[in-house]
Amino acid sequence: MGEFELIRHYFQRTGPHPPGVVLGVGDDCALLQPDPGQRLAVSTDMLVEGRHFFADVDPVALGHKALAVNLSDLAAMGARPLGFTLALALPRADATWLAGFSAGLFALADAAGCPLVGGDTTQGPLNLSITVFGQVPPGQELRRSGARAGDEVWVSGQLGDARLALEALLGEIELAPERLARARQRLERPTPRLALGLELRGLASAAADVSDGLCGDLGHILAASGVGADLEVGALLGSDAISADLRAQPRERALRCALAGGDDYELVFTAPAAAREALLQAARAAATPVSCLGRISAEPGLRWRNESGQPLDLALASFDHFA
Ligand code: ADP
Ligand code: MG
């Protein structure tokens, strides 16, 4: 199968475009039309075999995840998806793999209202790079720099299960089959929190998605905002942000996975304490659970305290590819 046949067969779909897409796959450029007065939000994420996924991962799950991690960035900015491009390096044109990959990719694209509008295809070691385009009204974007002393720190969904699955798949820990199956879903099929991101417009003072671990990604918010945070381990471990499967693990492992695990694709965000009721209402509207973990303070740094109020020295760094 030639390059153009491959593109046409697996990545070019017929049918009408959504309003934001004037021209999709097939010309020299795609043409996107944001709604009047809205700004473009743009983000790129790359997935490399052996680094971000195992060579034998289910291609349907890989198609889902490649787009999900990019949509998660739009969610964290409070942006609504317009479309995405896909740059794909493939060792060979494997029909079964391509059919699975494109099925997973398009299932999420359709669910998120984010059509594939273009890309590039080349032969080479398996590598996927997606750029997402979204739109957000000026001033309503959720930047990392808006957290203020007194704001509360929130996180969506549940943290740490993706890391738990990874450690089990790497053979570092033992996990009962049904626990592994659930955790593996979180690792391989993350849910981008797009609805919550939209609901948080005008409510959250700052937001980021949790891709490299809560400590690291909250750390980015703190650094960008010039503030610190005081968080309680007990509040975290007792909250809905920890799954029953993670809570069943030894405390040290549960904490490590939840605080520094990565691959969660939840949102960590801050909001004024006075916005608490509106925020819980927004989370209900987005059908996404949220948990409050503590407060922003003027003093820079991220401080975790244990149940007896003692500072916790976790020496936890988030994931850094070059550390
Ligand atoms: P060019 O030579 O101008 O780079 P290509 O021949 O690479 O164009 O691509 C032809 C068309 O197919 C373009 O519209 C491009 O956006 C699209 N395309 C190429 N690869 C992909 C892909 N993996 N997914 C979606 N569209 C793609
Ligand atoms: Mg090209």
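As the structure is a computational prediction, the values presented were derived from the model and not from experiment. Sequential numbering from 1 along the given sequence is applied to the chain's residues. In each ligand, atom 1 is the first atom listed, and ligand 1 is the first ligand listed.
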Please say whether Gly119 places an N or O atom under 3.5 Å from an N or O atom belonging to ligand 1. yes

Is atom CG of Asp240 surrounded by more than 12 heavy atoms (other residues, nucleotides or ligands) closer than 6.0 Å? no

For Leu86, the ligand 1 atoms with a heavy-atom partner under 4.0 Å come out as 22 (C), 23 (N), 24 (N)

Counting only heavy atoms not in Arg189, do more than 12 sit closer than 6.0 Å to its CZ atom? yes

Pair Asp161 + Arg179: basic N to acidic O under 4.0 Å: no

Ignoring hydrogens and geometry, is there a side-chain-to-backbone donor-acceptor pair from Ser239 to Ala241 under 3.5 Å? yes

Leu116-ligand 1 polar pair, N/O distance under 3.5 Å: no

No-hydrogen, no-angle side-chain donor-acceptor test under 3.5 Å, Asp245 and Ser243: no

Per-atom filter on ligand 1: closer than 4.0 angstrom to a heavy atom of Asp27 are 13 (C), 14 (O)

Numbering the atoms of ligand 1 from 1, which are under 4.0 Å from a heavy atom of Phe4? 6 (O)

Option nearest atom 12 (O) of ligand 1 (shortest heavy-atom distance, choices Thr121, Val117, Ile130, Ile7): Ile7

